[in-house]
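Okay, so here's the structure we're looking at.
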Number of protein chains: 2
Amino acid sequence: MDNSKEKLKFETYLTDKNLKHTEQRVHIMDIFSSAGKHLTAEEIYLAVRKKHPGIGYATVYRTLKLLCEAGICRELTCEDGIKRYEYQSQDEHHDHLICTKCGVFVEVVDPEIEKLQERLFKLNGFYPERHRMELYGICKKCSK
Amino acid sequence: MDNSKEKLKFETYLTDKNLKHTEQRVHIMDIFSSAGKHLTAEEIYLAVRKKHPGIGYATVYRTLKLLCEAGICRELTCEDGIKRYEYQSQDEHHDHLICTKCGVFVEVVDPEIEKLQERLFKLNGFYPERHRMELYGICKKCSK
DNA sequence: CTTGATATTGAGAATCATATTCAAATAAAG
DNA sequence: CTTTATTTGAATATGATTCTCAATATCAAG
Ligand SMILES: [Zn+2]
Ligand SMILES: [Zn+2]
Ligand SMILES: [Zn+2]
Ligand SMILES: [Zn+2]
C-alpha cells in the first residue's frame, strides 16, 4: 500500500507540534499500512516487534494516540471492550459490518442512513458531532 | 416504576436454571428499576450499597450477568470502554443519542434506518444478528 | 424443624488493556 | 560538537472486570 500521503501528513503534524521524527514512529506507521486494518494495539505491537524487536508497548500506545490526533488513524471501541485502530484519514467516514464467527470487518456507508441519522439528531434537538454504527451478523463464508 | 413483570421473569429464570432466590439479587433488581437507566456497574454498586451496605462488587457483576442472560438487562459497551447496563426486556430494541457534554442518553428507533440496515446486511451477504447505533452530539440543554 | 447437598456470598487477589514514571538515549537546532 | 527538549523502554500503576475460596445461605427431603 502506498502510504506516502499519510507519511507526509504525519511529518507535517510532528513538525507543527515541535515533536520529533523518530524511527519508532515511522516503523509503527509502516506496519500499520502493510498489516491490515482494524488492528488491536497488541496486534500492532507484535507486528512491529517482528521487524524492530526493541520496541515497547508504551511507544505503540503513544504513537497510536499521536496518529489519531493527526487524523491518520481512528480508534474503534468494539463490543469486546478492546480498542481497534484503523489506518485512515479522518474525512472518509464509514461504518462496519462485523462477522460474529470469524471477526471480519466490512466497511460500509449508506448515504440514505447517513441522511436519516442527521434527521434523528435534528428531531431530538441535538447538534450532530459523529456516530458509529456496527452491524453484527454472520458473513457468507462462515454461514456455508 | 412497577417492575413486577421483570421480577417474575427473573424468578422464573432462576427457578428454571436451579439457581437460588437470594436477597442480594432482589436488591440489585430493585435499585436498577428505581435509579435510572444506562448505569455503570459502579453506579449500581454504590446505589445498592446505600441501602444494603454489605454487598460486594463481585455480586453486582454476577447478578448483572444473570439479568442479561435472563433478558431483563442489556449491556452497552460505550466509547469510553466502560460498560453500561440498561434495565429492559430484550425484545424492545432501540438505539441511542448521547450528549458529549452532559452524557444524557436518549433512546431512539427509526424504522426506516432499521430497514436500510437489513438491506445492508443482505447486500453484503451477511446473516443479520443485531446492531448498535450511537449518535453523538450536543443536546439542546447543553448547547444553550 | 433439622439436615445435607448445592449454590451464593464478600473479601481479596488476579487479570487484562492501557497509562504513567523516570533515567537513559536520541533528535534537532545552534 | 554541544545543548536542550523530546522520546524511549522497562517497570510500575491504574481502573474495570473476573476469579478464588472459605464461610454462609437456600431449599428440598426427611
Ligand atoms: Zn455512518
Ligand atoms: Zn473500518
Ligand atoms: Zn436500531
Ligand atoms: Zn437505552
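Computation of the quantities below employed the complete heavy-atom set of this structure, encompassing side-chain atoms and omitting hydrogens, waters and symmetry-equivalent molecules. Lettering follows sequence order; numbering is per chain, from 1.
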B:T22 side chain near C:dT9 phosphate (N/O to OP1/OP2, under 4.0 Å): yes

Below 4.0 Å: OP1/OP2 of D:dG9 and any side-chain N or O of A:Q24: yes

Atom-to-atom span, [atom1] of [X] to [atom2] of [N] - whole angstrom:
X	N	atom1	atom2	result
B:L67	C:dT8	CG	P	13 Å
A:F10	D:dT7	CZ	C1'	12 Å
B:N18	D:dA28	CG	C1'	11 Å
B:H21	D:dC27	NE2	P	8 Å
A:L19	C:dT26	CG	C1'	14 Å
B:L39	D:dT17	CG	P	13 Å
B:L66	D:dT17	CG	C1'	16 Å
B:H27	C:dG10	NE2	C1'	15 Å

Residue A:K20, side-chain heavy atoms: nucleotide from D:dG9, D:dA5, C:dT8 that is nearest: D:dA5

Aromatic ring pairing A:F121/A:F126, orientation class (parallel under 30°, perpendicular over 60°, tilted between): tilted

Summary of protein contacts for nucleotides 11-19 of chain C, nucleotide by nucleotide, where a base hit scores B, a sugar-phosphate-only hit scores S (4.0 Å, heavy atoms): B-----SBS

Under 3.5 Å donor-acceptor, A:R25 side chain and A:K20 backbone: yes

Flag, side chain of B:E118 to backbone of B:K115, donor-acceptor distance under 3.5 Å: no

B:E134 and B:R132 ion-paired at < 4.0 Å: yes

A:D110 with B:R119: basic N within carboxylate O range, under 4.0 Å: yes

Shortest non-hydrogen contact from A:H38 toward A:R84: O-NH1, 3.3 Å

Residues forming a side chain to side chain contact (heavy atoms under 4.5 Å, CB included) with A:R49, sequence neighbours excluded: A:Y45, A:I55

